[in-house]
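Presented below is the structure to which this report refers.
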Amino acid sequence: MSEKQPNPDPAEAPIEPLYTHPASPFLRTESTAPKHVDMPVLPSVTSTWVTYRTQIEFGLAMLAYLMILVGSVTVLQSNPNAPWRYVVAVLPVVPAALVLSIFVRALTHLNEMQKRIQVQAFGFSLGATALLTFGYGFLEGVGLPHLSWTFVLPLMAILWGVGTAIFTLRYR
Amino acid sequence: MKNRLRVLRAELDSSQAELAERLGVFAPDVNAIETGKYDPSLPLGFTIARTFNRHIEEIDGHRPVPEHRLG
């Protein structure tokens, strides 16, 4: 009956298979990647298109309107009796309608205060234009020169601008 | 409509422009609301109340502010 002695020879020691292989997943390793990388703070750039989309579209539509208007007038002057003159004469209304649609869409993006100002400005413009044209109609009856109907739209636009200024100042 | 917006804003030491930016409106709009020239819509009214972390009745100047909310 002999006491069991621990074997001093390491070659005889039991092998722990988990740690013997150099690629063992149980080996603790240090990553060579940096722990924290400072990301550059990118400046927030708002595109000109986003900020001024309505203004750009409005300007382009007005440019188209002017070009078609000049072209239409030029063509009509050289072909005053052509059968298609009515179609050419009314062509500038198409870009004008485009301006109107851009304008109406821009209205939906206003905040509630601006919308209220616009409603009041439109009311002012509508009423003032109606009164001015109505009054001038009577004056024409007693001999003032007849003015073209195309003056109505510019008059309305100018009064709308005046109304916007008035009602904006009123809320200051 | 009379309201306590200017008082509440002064308590926070905030400018009209700062408040306007948080509410998504323009500074003159805040001034118009404070001076009672313009009554905000219900959504904007609730946004104002949330901004000040108060009940909407406390923004509007008509109802007495409950004592426990004056703190």
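So you know, we letter chains A, B, ... as the sequences are listed, proteins then strands, and number each from 1.
Within 6.0 Å of CZ in Phe124(A) there are more than 12 heavy atoms belonging to other residues, nucleotides or ligands. Summarising the local packing, CH2 of Trp49(A) is surrounded by more than 12 heavy atoms from other residues, nucleotides or ligands at distances under 6.0 Å. Within 6.0 Å of OH in Tyr65(A) there are 12 or fewer heavy atoms belonging to other residues, nucleotides or ligands.
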What would the table of donor-acceptor pairs between chain A and chain B look like if you include every N and O pair under 3.5 Å, whether backbone or side chain?
from      : atom 1 : to       : atom 2 : distance (Å)
Asn111(A) : ND2    : Asp29(B) : OD2    : 3.2
Glu112(A) : OE1    : Ser41(B) : OG     : 2.4
Glu112(A) : OE2    : Tyr38(B) : OH     : 2.8
Glu112(A) : OE2    : Ser41(B) : N      : 2.7
Glu112(A) : OE2    : Ser41(B) : OG     : 3.4
Arg172(A) : O      : Lys37(B) : NZ     : 2.3

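Note on Leu139(A) and Leu147(A): same hydrophobic cluster, where clusters join Ile, Leu, Val, Met, Phe, Trp and Tyr whose side-chain heavy atoms are under 4.5 Å apart, directly or indirectly. Placement of Leu153(A) and Leu159(A) in two distinct hydrophobic clusters is found when ILVMFWY residues are connected by side-chain heavy-atom separations under 4.5 Å, directly or transitively. One hydrophobic cluster holds both Ile117(A) and Ile166(A) under the rule that ILVMFWY side chains link at heavy-atom gaps under 4.5 Å. When hydrophobic clusters are built by joining Ile, Leu, Val, Met, Phe, Trp and Tyr residues whose side-chain heavy atoms come closer than 4.5 Å, directly or via intermediates, Tyr52(A) is not grouped with Leu107(A). Note on Phe151(A): it clusters hydrophobically with Leu144(A), by side-chain heavy-atom contacts below 4.5 Å among ILVMFWY residues.
Contacts from residues 75-104 of chain A to chain B, taken as heavy-atom pairs separated by less than 4.5 Å, involve no residues at all.
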